[in-house]
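Everything on this sheet refers to the single structure shown next.
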Amino acid sequence: MPSVIVWAMAMVVMMAESVLLEVFAAPGWAVQTPIAIAIYLGLDRDFVSGGLILLALLLPVEWMVGGMYGVYSLGLVAVFFAMCTLRANLQTQWGVARAIVVAMAVPLHSVVMLAVLFLAGESGGRVTALIGVHMWTAIPLVVVVTMVMGRGFARLEKMMDSRGGRPGLEF
Amino acid sequence: MLEWLKEHHGKLLGILLVVVPLVMVASAPGNEVGQSTSEPVRMAGGAMGAVQSGGHATVARVGNLFGRLGSDAELARENEELQKEVDRLREEKTRLIGVLQENARLRELVGFQQAHPEFELAPARVVGRDVTPYFRVVKIRIETEAELEEGMAVVAADGVVGQIHRVYHGGADVVLSADPRSRIDAVSQRNRAPGVVEGLGDEANYRAKVAYVSERDELRVGDTMVTSGMGGVFPRELRIGTVVEVESRPGDLFQDVVLEPAVDFSRLEEIFVITNVN
């Protein structure tokens, strides 16, 4: 699937989360789609195309987050690198093994955020405590969202990629 | 040069992925609310705000459509003529209820403006929320040509909403009083006991705590906390919320006070930015 389409779909997913949270007024149900997207890019795309898409998503992500610029993004980059490293040793389908890796990616993202905040001298206060709390509570939601989104994207990729004699759409 | 780039593009991309967020961190004004936003960020945010505003309208329309489909299924047992009539009347009623509710909200806002003629208010509409569980930020689209600035106070008819965190072209991010970064200087309306309202960032609700309330000050459940006017962001006497829990322990300097905000943040639609106080 072309990188531009993946980028556009990632934008749609993030925008949809923001708008749905507003329309249905559910503050505690932020599912952190940017983390799910970084995991998908790390596990299902090659390093260059995944990295380029992630690079193009960093500023929009920061806009969506509304926190201190760069902190959330650095966490996503760390997750992406970790997923790229693990990819070769994982099953290719979105199954249990990937779910376990996704569950580990959420605390990794939070730890990187905490480290950056600490190094930037912004570690005090309730934001840090909340990141520490959500390091664990966000895991189930992010796992579910990543698995659903990963499977959806993988299916779409199969539809668009007609290699291997499969019938499919061609662009 | 091109050969070198082709050979090392993976490494370059890896470096860029680390450097770009680091530059953002280094150039960010900090985690505090109300610090200035750079022009490139304003422009990028303006474009995204316009897209999100369109998305908000579309999702709201789709939500209405689902609501109508549910009604149709419920009415399937009735005959076709009556069903059409009921559908038409229901749709009309829903639309009228929406108009009446909006009318009531606007009346409240007009009432707020009449009660505070000293404020110059710029109306705005909420179009989105942040996508993390850490912050409580809403994204607004401004409906006039008013110039917004970081740190401006944002209010609704019921009281304080929060303050502007980042400004974009045509919109802004508003940090709610429930955000863990929010600090509002407050006093009790009943006995002027001072404190600082700090957001808790709770997952289930929008409550805040009132910090630094001395053990000697008597606060009761049901007391209303209003802005003190100190700090230069919020004018005096704007309602922040109602005290719902007070706990004092012997030997402590301060009481633990929890506040329910006056504004229902889960139903925010129209809000006002205070652009000037005369």
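Order of the sequence lines fixes the chain letters, A, B, ..., with proteins taken first and strands second; residue numbering starts at 1 for each chain.
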Query raised in the report: Any sub-3.5 Å donor-acceptor pair from A:Ser18's side-chain atoms to B:Arg129's backbone N or O?
Result: yes

Query - B:Leu200 portion near chain A, given a 4.5 angstrom heavy-atom threshold - result: both

Query raised in the report: Quick one: what part of A:Val133 sits under 4.5 Å from any heavy atom of chain B, side chain, backbone, both or neither?
Result: neither

Report task. Please look at A:Leu52 and chain B and tell me whether the side chain, the backbone, both or neither of the residue comes under 4.5 angstrom of a heavy atom of that chain. Result -> both

Requested in this report: Check the pair A:Val127 / B:Arg181 against side-chain contact (heavy atoms from CB on, under 4.5 Å), numbers first and verdict last.
Outcome: CA-CA 7 Å; A:Val127 175; B:Arg181 296 165 293 175; 3.6 Å; yes

Query raised in the report: Atom OH in B:Tyr134, atom OG1 in A:Thr128: separation rounded to 0.5 Å?
Result: 11.5 Å

Report summary line: To the nearest 0.5 Å, atom CG of A:Leu54 lies from atom CG of B:Leu16 at 11.5 Å

**Report entry** Residue A:Val65 versus chain B: region with a heavy atom under 4.5 Å
**Finding:** both

Query raised in the report: Which atom pair, heavy atoms only, marks the closest approach of A:Trp63 to B:Lys139?
Result: O-NZ, 2.6 Å

Query raised in the report: Which is it for B:Val25 and A:Tyr69 under the side-chain contact (heavy atoms from CB on, under 4.5 Å) test, yes or no, and what are the steps along the way?
Result: CA-CA 5 Å; B:Val25 173; A:Tyr69 269 120; over 6 Å; no

Query raised in the report: Which bit of A:Ser110 is near chain B, if near means a heavy-atom gap under 4.5 Å: side chain, backbone, both or neither?
Result: side chain

Query raised in the report: Got a second to check how far B:Asp130's CG is from A:Met64's CE, nearest 0.5 Å?
Result: 11.0 Å

Query raised in the report: What's the shortest heavy-atom distance between B:Pro180 and A:Leu130, and which atoms?
Result: CG-CD1, 3.4 Å

Report task. Spell out the residues in residues 90-108 of chain A that have some non-hydrogen atom less than 4.5 Å away from a non-hydrogen atom of chain B, in order of number; otherwise answer 'none'. Result -> none

Report task. Quick one: do A:Leu58 and B:Met24 satisfy side-chain contact (heavy atoms from CB on, under 4.5 Å)? Show the steps, please. Result -> CA-CA 10 Å; A:Leu58 291 183; B:Met24 286 189 204; 3.9 Å; yes

Requested in this report: With a 4.5 Å cut-off on heavy-atom pairs, point out which of A:Pro34, A:Gly70, A:Pro60, A:Ala78 contacts chain B the most.
Outcome: A:Gly70

Report task. Please step through side-chain contact (heavy atoms from CB on, under 4.5 Å) for the pair A:Phe81 and B:Leu17, ending with a clear verdict. Result -> CA-CA 10 Å; A:Phe81 284 163; B:Leu17 277 170; 3.9 Å; yes

Requested in this report: Using a cut-off of under 4.5 Å on heavy-atom pairs, state which of A:Glu17, A:His134, A:Met11 scores highest against chain B.
Outcome: A:His134

Query - Side chain proximity check, B:His9 to A:Val48, heavy atoms < 4.5 angstrom - result: yes

Query - Which portion of B:Val18 sits near chain A, non-hydrogen atoms under 4.5 angstrom - result: both

Requested in this report: Kindly give the heavy-atom pair with the smallest separation between A:Phe47 and B:Gly14, and that separation in Å.
Outcome: CZ-CA, 3.9 Å

Query - Closest non-hydrogen atom pair, A:Leu74 against B:Pro21 - result: CG-CB, 3.5 Å

